[in-house]
Amino acid sequence: MATPKGTSRNTLTRKRAAVYAGALFLLILAMLFAYNYSSIKGQLDVGTAYGARVACSCHFLGGRDIEDCSKDFEPGMEVIGLSMDEERKRVTASALLMESATAEFREGWGCVILTDAQLKAE
């Protein structure tokens, strides 16, 4: 039994339509991200500063391990990662390669968030 010639063309058309639909979906997703970028960046800025400050206090004042300190984070902060510089008594929280914040333990002051100017000055 012979296969009709239209079948291969129909399959090619369906594949092309699927590629176009996927590209359209990615374009819409990128447009939504671009539209909400300032809001997302602002939330990540606040979240990383909060995470750095809480983890710094937890570790240097509370004496807990840094992995244990991430349990103190609020729900929704799973995207924030922590790194620690024990020598300088600093904790850096970063999120999605977009935003980061560093908190430093200072005797008598506790943990303070460092500005970008303070970090660049070193």
Side-chain angles (χ1 to χ4, degrees):
M1 176 169 219
T3 308
K5 289 184 179 180
T7 304
S8 64
R9 182 176 287 169
N10 192 15
T11 304
L12 182 60
T13 304
R14 286 184 185 177
K15 286 181 182 178
R16 187 174 291 156
V19 168
Y20 287 147
L24 180 63
F25 175 74
L26 290 176
L27 179 65
I28 291 171
L29 196 63
M31 288 173 59
L32 283 172
F33 179 78
Y35 179 75
N36 291 316
Y37 179 74
S38 63
S39 174
I40 293 169
K41 187 159 174 50
Q43 289 176 358
L44 288 177
D45 186 33
V46 170
T48 54
Y50 174 81
R53 163 69 177 76
V54 166
C56 178
S57 296
C58 171
H59 179 71
F60 292 110
L61 293 174
R64 293 168 49 198
D65 191 34
I66 197 73
E67 285 83 23
D68 189 45
C69 294
S70 63
K71 294 177 187 174
D72 294 342
F73 286 178
E74 296 293 323
M77 293 183 63
E78 293 82 14
V79 297
I80 295 177
L82 298 173
S83 61
M84 191 170 63
D85 183 355
E86 194 75 50
E87 182 180 311
R88 292 181 171 174
K89 294 188 176 184
R90 291 183 177 174
V91 174
T92 300
S94 58
L96 304 175
L97 301 174
M98 290 178 59
E99 200 63 46
S100 68
T102 302
E104 179 179 71
F105 176 74
R106 295 181 181 170
E107 198 65 45
W109 291 91
C111 290
V112 295
I113 300 293
L114 300 178
T115 64
D116 291 336
Q118 289 172 319
L119 291 170
K120 288 178 184 177
E122 295 180 354

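- In this structure, F60 and F105 have parallel ring planes: the angle between them is below the 30° cut-off, well short of the 60° mark.
- Counting only distance, with no hydrogens or angles, the side chain of S57 and the backbone of V54 share no donor-acceptor pair below 3.5 Å.
- Listed here is the closest heavy atom pair of S70 and E67: OG-O, 2.8 Å.
- Atom-to-atom distance recorded for S83:OG and R90:CZ is 11.5 Å, nearest 0.5 angstrom.
- Between A55 and C69 the shortest heavy-atom distance is O-SG, 4.0 Å.
- Following chains of ILVMFWY side-chain contacts shorter than 4.5 Å, one cannot reach M98 starting from L119, and the two form parts of different hydrophobic clusters.
- Annotation: salt bridge (charged side-chain N to carboxylate O under 4.0 Å, His left out) contacts of R64 (sequence neighbours excluded): D68, D72.
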Show which side-chain atoms of residues 108-115 pair as donor or acceptor with protein atoms under 3.5 Å away, not counting sequence neighbours.
| residue | atom | partner | partner atom | Å |
| --- | --- | --- | --- | --- |
| T115 | OG1 | Q118 | N | 3.2 |
| T115 | OG1 | Q118 | OE1 | 3.4 |

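- In this structure, the separation between CD on E86 and CD1 on I66 is 8.5 Å, given to the nearest 0.5 Å.
- Here the closest non-hydrogen pair linking A52 and A103 is O-CB, 3.5 Å.
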Please report, to 0.1 Å, the donor-acceptor pairs under 3.5 Å made by any side chain of residues 27-46, with sequence neighbours excluded.
| residue | atom | partner | partner atom | Å |
| --- | --- | --- | --- | --- |
| N36 | ND2 | L32 | O | 3.2 |
| K41 | NZ | E99 | OE1 | 2.5 |

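- The shortest non-hydrogen separation linking A93 to G51 is CB-C, 4.1 Å.
- A distance of 9.5 Å separates CG of L82 from CE of M84, quoted to the nearest 0.5 Å.
- Inspection of the S100 and T92 side chains reveals no N or O donor paired with an N or O acceptor under 3.5 Å.
- Closest of all the heavy-atom pairs between G47 and M77 is O-CE, 3.5 Å.
- Atom CZ of R106 is separated from atom CD of E104 by 4.5 Å, given to the nearest 0.5 angstrom.
- With a 4.5 Å cut-off on side-chain heavy atoms, T102 and V91 do not count as touching.
- Transitive grouping of hydrophobic side chains (ILVMFWY, heavy atoms separated by less than 4.5 Å) brings F73 and L61 into a common cluster.
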